[in-house]
Structures are given as structure tokens and as C-alpha cells.
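Data block below; observations after.
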Amino acid sequence: MEVCEEIGLKKPYNFYKSNADSILPKVASIIGKDFNELWWSDENFKESRKEFASLAETKYSPLKFEVAKKIKSKNELIKNDVIDKELKLLKKINIDGAITTNWDELLERIFPDFNKFVGQEELIFSELYSIGELYKIHGCCSKPNSLILTEEDYNNYEDRNAYLAAKLLTIFIENPIVFIGYSLDDKNIQSILKSIIKCLTKEKVEKLKDRLIFCQWSPEPIKTSIIDSTLLISDTVIPIKLITTNDFIEIYTVLANNKRKLPIKILRQMKGMVYDFVKSNNSKSKIYVTDNLENIENIHNAEFVYGVGLKDKFSEVGIKGIELKDVLLDAIESRNWESDKISELCLPYLKAKYIPYFKHLRTAGYLNANNEIDEDNEITEFSPEFIKKVNDMKQESFYPSANYIRKRKEINDKYATFSELKSDNNQLHIVLYTPLLSSEKINLNELLKFLQDNKELLENSTNGTHFRKLICLYDYLKYKK
């Protein structure tokens, strides 16, 4: 309606709507026919003709040009706290790809590392890796002629897009799909599900239950719920999960906490290199694949190294990622790492209860005035779960077991400083008792010296966990507080 008013047609939108029996694609067709002559002759569209005239393919192209321009000019979203939080979380979610019928470029901004495919043609002539891909199945405002807008577009859509339909069918069968912003009655969705049903027996259809997740928005402020539900397609009942919510914050939080071992951009690059290596006799990828380390002098020219059955051997020559032990040692013996890279690409992916977070978070500037990571921090790798874990850290997090915690008052009454505690106890009790001391009694330089002098305890099967805790306590007291 808004576009109809702006392009200067003499008849009102409701005239076209009534003549099309309120069928929106048909409305677009009638408007497109009327607008075609106006666009080619009216002075108001002189600049548009300079930009798009050579791209006109059909009588509906002028309308598509103006619709695309309108969408691009409407770059700002509605502003409110919920939408703002939803978008920040959406940027962090862990998905292999996205499929949309929208024409705007919001998803390109949300997922800048994704490869975009508009319509079918780009899919046919591209290498697809099923990682980090965005499918705009109804076109994009960046390519006006690609818009599925008119009745003719919709009628020809399925006939013209056999490869696209097959690709979507593969995606739906091989991956869990979360539907957001689609009605259960959406014809596009029902068409794909019909194709899936034709491929499956009734017994196999039951397996779709946990793979098809529909998110239904409620305008009322309700508590988010998830139930088992069904969808009737072609006389077949399809089991689905149905989530009803007033906003998408909880859903995006769950998806954002489901982290990968590597960022999507790196995974896509690695998969592309392997694909190129396998299909080509003269691969240009900087990839090294081997099952033998004897002839390895050129390995440092590679961007990625793939070793078949060589995990132990590679670790011997230092071809490995940064591990927890490396980060623990770095906390007490600086290795001059780049703190922003360690903070973003290492710390969120370490799997351990005790990790020295604060040195690199502080140095990289990710801690706010309250010595915490902002809850709405937009670093993609900082999941809500990671932010909460870091922000919830306190000295009590490093206390020993309950048996020793009972000694806290006794230890603080007995010792005025870490130095006194150290001189009066053996190595094990120093490690266990130090976290119980009030923080003002712990001289950080003395604690650092003790940690450096006893770093062999990291490898100790009995005391290693307690020693790691003590390193993390030092990191906490030195860089968070």
C-alpha cells in the first residue's frame, strides 16, 4: 500500500486490491501493469531509469525496481529494548545456515560471514558446503529482478526452481530446522514438507518430531512454552515441536549458548580447502595433508594442516592449538599473546571449570567499570553462558572442598599474610588454604612467585586441580578486582 501511494498511480490501492480479489500477488501484477508505462515516461522516475533501464526484463521490472529501492531506504529497524536484545543475541547464534523469503538485507548484516545465494541460478553455479550459507529463496532487494512479487512470479516459482527445491529438501531432511516468522499455514513451507513426505514412510515421518521446530509469536505477554504438536500435510500427520513465545530472547539465548569448537568462517574456509584439495589435481589451497611426518619441512607455508592418524605425533612437534595448560602458564608467565584474539578465539572455547579469564579480558578492554563483561556485548564468540560464567566469578569460586572451608575463620585468625601461611604449611596446604585468606592478606607478588616456583604441580595428578584453582585466583585478584 505504501509503495502504491508513493509511485504516484492515479487509482488508490484498494482499487487494485478489490480487482484482484485481495490476492496479494495478483494485486502486484495489476499494479505492475499500470505502473510500467508511467515509469518509462514520467519525469519523477528519470533517475530510476538511469539506474535501472538497462536491467528491465519484463513489464513488472519497474515495480520491482521501486520496491527494491523502498526496502533499501528503510534500513532502520523499529527501536525498543526487546528487539535490540534479540538482534544482539541473533548475531551470536550457532547455525549452519539460514533460509528466508524476505527481500531485505537484515540477515546479511546479522551474519556477515555467511555466503549469500539469491534464487536458483546462484546455487547452480556455486560450490555449496552446507556451512555458513544464506538462501534468499524469494529474491533480494540487491537484485530487483529476482523478487518473487507478482502472480506470474509465484505461478512460475516451482516450475523454474527444481534445483532450489531439491536443495531445500536435502537441507530439511539432513538438519534440524527452526522456523521463525512463518505461519504453519505458509504455502512455501507446506510445499517443501509435502516433498519430504513423498520420500518417507510413515515410520520415518515420526523421526521428524525433534527436527521441525516452529516458533509461534504471541502478542500477549506469556511465558515461553514448548509442546509436542502436529501438522496435517496431504493426509499425513507430521509431528513437530511448537514453541509459543512473546519474544525470541530465550530461544536465541539457547542457540547462542550452543557454541562450535571453531568460528563458522574458519570452518567454511577449512571445508572449502578440503573440497578443493579432493576434487583438483592442482589445488591452490594452502593445505597440507599427510600421514607421515618425516618430510615436513614445508609445513609452515600451510594455512591448515590435516594429519591422518597423527594426533600424538603432531603434538610432539608443536602443531596444535592453544590448550588450557598454555593459558594457565600464560597467566603467571606472560607469552605476549594478542589479548583480543585470545579473548575471542580461545577463552570461550576452553572446556574446564577453572580458567584464568581476566588477564586477557582486562587487557583487551572487555571488562566494564564494574569489572564485568557487558551482558549485551556484541562479540559473537561471547555467548550468554560465557558472559554469565565470567561475571559470576568471585573469590568463593576458588574455595576448596567443604571440609576445608570450615577452617576459613581459623586460618584468617591465625595468619595475617600469605607469607605467614606459606612459611607455616606444606605445599598441599598452601594450595588449599590460600583461597580462604581474605584478599587483602594476599600479596600478589608473593603469590605469583610461589606459582612460578611450583608450576610443575600443573602435571601433578593429586594436587593439579587445586593448583589450577590457585592460578585462577591469582588471575581474578590481579586482573578483575
Side-chain angles (χ1 to χ4, degrees), residues 94 257-267 269-271 273 287-291 293 296 299-300 302-364 366-367 373 379-383 385-390 393 397-398 431 435 447-448 450-480:
N94 172 25
N257 284 333
N258 182 27
K259 301 303 293 181
R260 297 179 183 275
K261 289 185 177 180
L262 289 171
I264 193 91
K265 188 174 183 179
I266 301 296
L267 284 173
Q269 187 179 359
M270 290 171 67
K271 194 166 184 179
M273 283 185 163
I287 179 173
Y288 190 96
V289 180
T290 184
D291 62 355
L293 287 181
I296 204 168
I299 197 166
H300 297 293
E303 290 182 7
F304 293 103
V305 178
Y306 291 85
V308 183
L310 288 173
K311 181 179 179 182
D312 294 334
K313 290 183 179 179
F314 273 134
S315 65
E316 291 170 10
V317 295
I319 304 165
K320 59 184 179 65
I322 295 173
E323 298 175 351
L324 176 60
K325 179 184 173 184
D326 302 314
V327 178
L328 287 162
L329 287 173
D330 173 71
I332 59 175
E333 296 179 341
S334 182
R335 301 186 173 196
N336 296 315
W337 288 336
E338 294 181 47
S339 288
D340 56 340
K341 289 187 171 64
I342 296 297
S343 297
E344 296 172 25
L345 302 179
C346 175
L347 296 181
Y349 298 96
L350 291 174
K351 302 296 182 185
K353 186 173 182 181
Y354 300 107
I355 298 169
Y357 292 116
F358 299 101
K359 173 184 175 181
H360 291 293
L361 289 172
R362 172 69 68 196
T363 306
Y366 292 137
L367 299 182
I373 304 175
I379 300 297
T380 305
E381 290 76 17
F382 290 1
S383 68
E385 184 178 56
F386 173 76
I387 293 173
K388 185 176 188 307
K389 183 179 179 183
V390 171
M393 287 278 184
S397 304
F398 310 106
V431 171
L447 177 56
L448 176 61
F450 172 79
L451 294 170
Q452 291 172 339
D453 291 344
N454 295 275
K455 62 185 178 183
E456 72 279 354
L457 283 176
L458 274 176
E459 307 292 344
N460 188 299
S461 58
T462 305
N463 302 332
T465 299
H466 305 301
F467 190 74
R468 286 193 289 273
K469 271 199 224 179
L470 196 55
I471 292 177
C472 293
L473 173 64
Y474 169 79
D475 172 72
Y476 169 83
L477 293 174
K478 173 77 173 176
Y479 298 103
K480 179 169 184 178

> Going through the checks in order, is the salt bridge (Lys or Arg N to Asp or Glu O under 4.0 Å) test met by Asp475 and Lys480?
Replying inline: CA-CA 7 Å; Asp475 172 72; Lys480 179 169 184 178; over 6 Å; no
> Which heavy atom in Met393 sits nearest to a heavy atom in Phe358, and how many Å separate them?
Replying inline: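 So the two residues come closest at CB-CZ, 3.8 Å.
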> Given Pro356, which of Leu473, Leu350, Leu328 fulfils the side-chain contact (heavy atoms from CB on, under 4.5 Å) condition?
Replying inline: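 For Pro356, the side-chain contact (heavy atoms from CB on, under 4.5 Å) check succeeds only for Leu328.
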Do [X] and [Y] have side chains that approach each other closer than 4.5 Å (heavy atoms only, starting at C-beta)?
X      : Y      : result
Asn94  : Asn257 : no
His466 : Leu457 : no
Leu458 : Ile471 : yes

>> Nearest 0.5 angstrom please: Ile332 CD1 to Lys478 NZ, how far?
In response: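 Reported value, rounded in 0.5 Å steps: 13.5 Å.
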> When rounded to the nearest 0.5 angstrom, what distance separates CZ in Arg468 from OH in Tyr354?
Replying inline: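 Here the interatomic distance stands at 10.5 Å.
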>> Taking salt bridge (Lys or Arg N to Asp or Glu O under 4.0 Å) as the definition, give me every residue that meets it alongside Glu459, ordered by chain and number, with sequence neighbours left out.
In response: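 Salt bridge (Lys or Arg N to Asp or Glu O under 4.0 Å) check on Glu459 returns Lys325.
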> With sequence neighbours excluded, what pairs up with Glu333 under the salt bridge (Lys or Arg N to Asp or Glu O under 4.0 Å) test?
Replying inline: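 Expected list: Lys455.
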>> Once side-chain contact (heavy atoms from CB on, under 4.5 Å) is applied, do any residues pair with Phe386, and if so which ones, sequence neighbours excluded?
In response: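 Applying side-chain contact (heavy atoms from CB on, under 4.5 Å) to Phe386 gives Leu347, Pro348, Tyr357, Ile373, Phe382, Ser383, Val390.
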> Does any pair with a residue in residues 352-364 pass salt bridge (Lys or Arg N to Asp or Glu O under 4.0 Å), and if so which ones, sequence neighbours excluded?
Replying inline: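 Sorted result for residues 352-364: Asp330-Lys359.
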>> Tell me if a side-chain donor or acceptor on Asn454 pairs with a main-chain N or O of Phe450 at a distance below 3.5 Å.
In response: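 Indeed, once roles are kept as given, a pair shorter than 3.5 Å links the two residues.
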Among residues at least two apart in sequence or on other chains, which ones pass side chain to side chain donor-acceptor pair (under 3.5 Å) with [X]?
X      : answer
Tyr474 : none
Thr380 : none
Glu385 : none

> If you look only at pairs with a residue in residues 336-346, which of them pass as a side-chain hydrogen bond (donor to acceptor under 3.5 Å, both in side chains), with sequence neighbours excluded?
Replying inline: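 Counting only pairs at least two positions apart or across chains, the side-chain hydrogen bond (donor to acceptor under 3.5 Å, both in side chains) contacts touching residues 336-346 are Glu338-Lys341, Ser339-His360, Glu344-Tyr366.
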